[in-house]
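Remember, it's a predicted structure, so these values are computed and weren't measured experimentally. Quick note on labels: first sequence line is chain A, next is B, and so on, each numbered from 1.
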2 protein chains.
Amino acid sequence: MSQNTFHRLGDLQLRLMQSLWARGEASVAEVHATLPDDANLAYTTVATMLRKMEARGLVRHRVEGRTFIYSAAVAEEQVSGGMAEHVLDRLFGGSVEALVSHLLTRREVSRDELARLRKLIAERSHSS
Amino acid sequence: MSQNTFHRLGDLQLRLMQSLWARGEASVAEVHATLPDDANLAYTTVATMLRKMEARGLVRHRVEGRTFIYSAAVAEEQVSGGMAEHVLDRLFGGSVEALVSHLLTRREVSRDELARLRKLIAERSHSS
DNA sequence: GACAGAATACTACCACGGTAGTACTACTGC
DNA sequence: GCAGTAGTACTACCGTGGTAGTATTCTGTC
């Protein structure tokens with residue numbers, strides 16, 4: 001089971017991970033560049049964070065000349081899934097229905113999205 | 001909009017909140033007693049945490065004799081909703097469909113639950 | 001009125017996310 | 001060969017969740 005430990009990622013770590021998931025590999029400079037301008041984070045902040053994340057096993061790096069090329073060491077599905085499950089279990093008693101009900105109530109959900117959701121669930125229903 | 005700030009609650013805080021949501025009001029001793037035995041937390045840990053949480057506006061207390069009777073200061077919907085939305089936005093780009101798809105793939109979802117989900121979405125579809 | 005027990009208050013500590021400055025090092029261009 | 005530049009390494013700091021010990025205070029009881 002592995003007791004997924006990925007539900008504690010903060011927002012910055014998440015953004016860095018997403019940058020790596022999207023690009024596959026990236027240097028510190030490249031990751032830094034992908035952050036929105038209004039983030040306004042120092043280069044060294046990103047570098048430090050990536051080093052901390054490597055110590056935690058979230059990313060890894062290879063060396064190219066003098067620069068570190070980072071890549072994600074965990075799959076996006078693991079992290080998103082882990083965090084989603086955590087919320088699901090902790091707050092909704094594991095009930096997907098309760099979670100979805102909440103989201104549909106709180107948010108504007110387009111007719112299109114509802115249709116896709118319906119389709120998605122119909123498919124699951126058959127294939128089980 | 002309110003930029004919900006409730007997505008940072010740790011696991012213990014969540015458990016204490018749930019205890020209060022369930023009971024309405026509770027003394028420190030009562031909250032402490034509702035924790036699972038294997039948690040094995042000191043009484044003072046719970047007391048300290050509740051005081052910290054009160055400073056953050058999550059709970060409040062009234063005094064009865066010498067004991068503090070705590071109650072939640074934020075609604076369960078605010079917190080669950082806030083955390084669910086946070087995950088939804090941060091990890092699934094706001095797409096309910098993507099989140100649900102993930103959950104359905106990773107978890108065993110009973111036929112019953114699927115049926116309820118179908119119904120839930122059908123209702124939303126009409127009422128919009 | 002002293003004492004035991006129960007309650008809160010205070011304080012301290014660790015881990016970690018986040019932020020960044022400073023120091024060191026290696027390369028590059030002149 | 002030297003200066004600038006672009007890297008990483010090291011270190012420090014804050015906030016907050018989590019954990020708990022110790023101190024203080026109150027209250028009921030003999």
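- Listed by residue number, B/R8, B/G10, B/D11, B/L12, B/Q13 are the residues of residues 8-26 of chain B with a heavy-atom contact under 4.0 Å to DNA chain D.
- By the side chain to side chain donor-acceptor pair (under 3.5 Å) test, B/H32 is found to be paired with no residue, residues two or more places apart in sequence or in another chain being considered.
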Contacts under 3.5 Å, N or O only, protein and nucleotides 4-8 of chain C:
from  : atom 1 : to    : atom 2 : distance (Å)
C/dA6 : N3     : B/R66 : NH2    : 2.7
C/dT8 : OP1    : B/F68 : N      : 2.9
C/dT8 : OP2    : B/Y43 : OH     : 3.0

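- Under the side chain to side chain donor-acceptor pair (under 3.5 Å) criterion, no residue pair touches residues 66-76 of chain B, with sequence neighbours excluded.
- B/A75 meets the side-chain contact (heavy atoms from CB on, under 4.5 Å) test with B/E77, B/Q78; sequence neighbours excluded.
- For the pair A/L41 CG and C/dT19 C1', the interatomic distance rounds to 8 Å; values are reported in whole Å.
- For DNA chain D, the contact window with chain B, defined by any atom under 4.0 Å from a protein heavy atom, covers D/dG17 to D/dT27 in 5' to 3' order.
- Every residue meeting the side-chain contact (heavy atoms from CB on, under 4.5 Å) condition with A/A29, not counting sequence neighbours, appears here in chain and number order: A/S27, A/Y43.
- The residue among A/T48 and B/K52 whose nearest nucleotide of DNA chain C is located toward the 5' end is B/K52.
- Residues satisfying the side-chain contact (heavy atoms from CB on, under 4.5 Å) criterion with A/S110, sequence neighbours excluded, are A/D112, A/E113.
- Under the salt bridge (Lys or Arg N to Asp or Glu O under 4.0 Å) criterion, the residue pairs touching residues 22-47 of chain A are A/E25-A/R62, with sequence neighbours excluded.
- Sorted by first then second residue, the salt bridge (Lys or Arg N to Asp or Glu O under 4.0 Å) pairs that include residues 81-105 of chain A, not counting sequence neighbours, are A/E85-B/R106, A/E85-B/R107, A/D89-B/R107, A/R90-B/D11, A/E97-B/R116.
- For the pair A/S19 (side chain) and A/R15 (backbone), a donor-acceptor distance under 3.5 Å is absent.
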Can you give each donor-acceptor pair under 3.5 Å made by side-chain atoms of residues 45-61 of chain B, sequence neighbours left out, with the distance rounded to 0.1 Å?
from  : atom 1 : to    : atom 2 : distance (Å)
B/T48 : OG1    : B/T44 : O      : 2.7
B/E54 : OE1    : B/H61 : ND1    : 2.7
B/E54 : OE2    : B/H61 : N      : 3.0
B/E54 : OE2    : B/H61 : ND1    : 2.8
B/R60 : NH1    : B/A72 : O      : 3.3

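- Judged as a ring-ring contact (aromatic ring centres under 6.0 Å, His included), the pairs with a partner in residues 88-120 of chain A (not counting sequence neighbours) are, in order, A/F92-A/H102.
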